[in-house]
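The structure under discussion appears below in the form of structure tokens.
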Amino acid sequence: MRPAIREALVCQLAPRLLSWFGREQRDLPWRRTRDPYRVWVSEVMLQQTQVGTVIPYYRRFLRAFPTARALAAAPLDEVLRLWAGLGYYSRARNLHRAAQVIVAEHGGRFPRALEAIRALPGVGEYTAGAIASIAFGERVPCVDGNVLRVLARVHCVTGDVRTGRTRRRLEALAWEAVPAERPGDYNQALMELGSLVCRPTDPACGECCLSDLCEARRRGRQRGVRTPRKREGTRRVRAVAGIAWRRGCVLIARRPLEGVWGGLWEFPNCRPVEGETDFETLTRLFAEGFGLIVEVGERLVSLTHGIMHERIELAAYGCKVVDGRTKASAHVAVKWVRPEELAEYALPAPHRKLVLQQLTPSARTPARR
DNA sequence: AAAACGGGGCG
DNA sequence: CGCCCAGTTTT
């Protein structure tokens, strides 16, 4: 494309997008505020998580922690509890740490400078741009997957958007196009268009406010901008969990802060060793990991949970404790709690499913043998 | 059941 | 810069 033509195109983007956004934007809780703290919380929650899932979490989180100071003062356990089920728990840990940085280094006021925002734990280039433009009206872009796709199509950039050259080119185009007026609305419009209209597959060009400007569409190359990543297939793995009962309480254990599901609570579980029965696995797990002799009862439920390249098939069994003193080894804490208290603990999604299916009042208590 | 998706952190 | 993390959604 000739520079003059590209410049004309770039100038058209903002008015088109702003007008479309004014008509079509969804009414979302975080669009009713410019409080940088709230914008930040919403942006972090929205990383890798859908709008519909985020809304109730956002409301609860802000009710519990209305300011950065409140968040900084809360125990991490409480923060994780309100995050439980959203996944990607390092986001919650970073949010908590960053709130403490805001209190310690910025007097509790959210920093305004892009560099200072960018320096907060868990805030990368994208999130910093989103906060700076939406909350502070700075003329900076925020480049997420949606934005990359829309810009790649509009300018018909067909290279792999994840490689350095193409990525830098698209970022340069993103910088150029941000308007001085309402940069935050413009950025949100671009992302909203990417998620609602200029979708990865089957883009709805017929209802796109940019379709007559879109170079990919002009050339019939809308699909050409996608460059799927090669990835090895997911493998299936089994895991067994034991819901151990003692005097009306069940045993949960807290994982170390580092690693997968850091700081979260879970039912004792592990992957069976080759050739071992579930019965043997659980007997060994409780003896070695928790100092308990248990009688393994009936299988309660099995469910699947995907993480990384693995599809975990989790089978849960009820267990009755017959002897032993509870201790932790791989965990940082263990606790016996009444089933109705489980809601007060941060459990990862698959263990929450176990609670819902087995331990809520409507579910039966496990048979004992 | 498999594949696609994607911000941030880190080496 | 490129890989890894920890999931959900789409096909």
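These figures come from a predicted structure and were not determined experimentally. In what follows, every chain begins at residue 1, and chains take the letters A, B, ... in the order their sequences are listed.
- Put simply, the side chain of A:Cys142 reaches to within 4.5 Å of the side chain of A:Met191, judged on heavy atoms.
- In the set B:dG9, B:dG7, B:dG6, the nucleotide with an atom closest to the side chain of A:Asp144 is B:dG7.
- Residue A:Tyr88 is classed as a base contact, given a heavy-atom separation below 4.0 Å to a base.
- Comparing A:Val123 and A:Arg236 by the nucleotide of DNA chain B whose heavy atom lies nearest to each, the residue mapping closer to the 5' end is A:Arg236.
- Mapping A:Gly85 and A:Gly164 onto DNA chain C by nearest heavy atom places A:Gly164 closer to the 5' end of the strand.
- Position along DNA chain C of the nearest nucleotide to A:Gly259 versus A:Thr53 favours A:Gly259 as the more 5'-ward residue.
- One finds a side-chain N or O of A:Arg168 lying less than 4.0 angstrom from the OP1 or OP2 phosphate oxygen of C:dC1.
- Of all nucleotides listed (B:dA1, B:dG8, C:dT8), C:dT8 comes nearest to the side chain of A:His305.
- Phosphate proximity of B:dG6 to A:Arg149: present, with a side-chain N or O under 4.0 Å from OP1 or OP2.
- In terms of phosphate contacts, A:Gln50 brings a side-chain nitrogen or oxygen within less than 4.0 Å of OP1 or OP2 of C:dT9.
- Using modelled atom types, no side-chain atom of A:Arg238 and backbone atom of A:Pro272 make a donor-acceptor pair closer than 3.5 Å.
- When rounded to the nearest whole Å, the span between CD1 of A:Ile117 and P of B:dG8 equals 12 Å.
- Checked by atom type, the side-chain pair A:Gln47/A:Arg91 shows no donor-acceptor distance below 3.5 Å.
- A cation-pi arrangement is present between A:Arg246 and A:Trp336, with the terminal nitrogen or guanidinium carbon under 6.0 Å from the aromatic centre and inside a 45° cone about the axis.
- Using a 4.0 Å heavy-atom cutoff across all strands shown, A:Gly306 reaches at least one base atom of the nucleic acid.
- In this model, the phosphate group of C:dT11 is approached by a side-chain N or O of A:Thr201 to a distance below 4.0 Å at OP1 or OP2.
- Remark: P of C:dT9 and CD of A:Gln48 are 12 Å apart, rounded to the nearest angstrom.
- For A:Gln47 and B:dG6, the shortest distance from a side-chain N or O to OP1 or OP2 is not below 4.0 Å.
- A salt bridge is defined here as a Lys NZ or Arg NE, NH1 or NH2 lying under 4.0 Å from an Asp or Glu carboxylate O, and A:Glu341 with A:Lys335 fails to meet this definition.
- A:Leu148 places its CG atom 12 Å from the P atom of B:dG8, with the value rounded to the nearest Å.
- The nearest whole Å value for the distance from the CZ atom in A:Arg97 to the P atom in B:dG8 is 14 Å.
- For the pair A:Ile131 CD1 and B:dG7 C1', the computed distance is 13 Å after rounding to whole Å.
- In this structure, CZ of A:Arg91 is placed 9 Å from C1' of C:dA6, rounded to the nearest angstrom.
- Atom CD1 in A:Ile312 sits roughly 15 Å away from atom P in B:dA1 (whole-Å rounding).
- Rounded to an integer number of Å, the gap from CD of A:Glu171 to C1' of B:dG6 is 14 Å.
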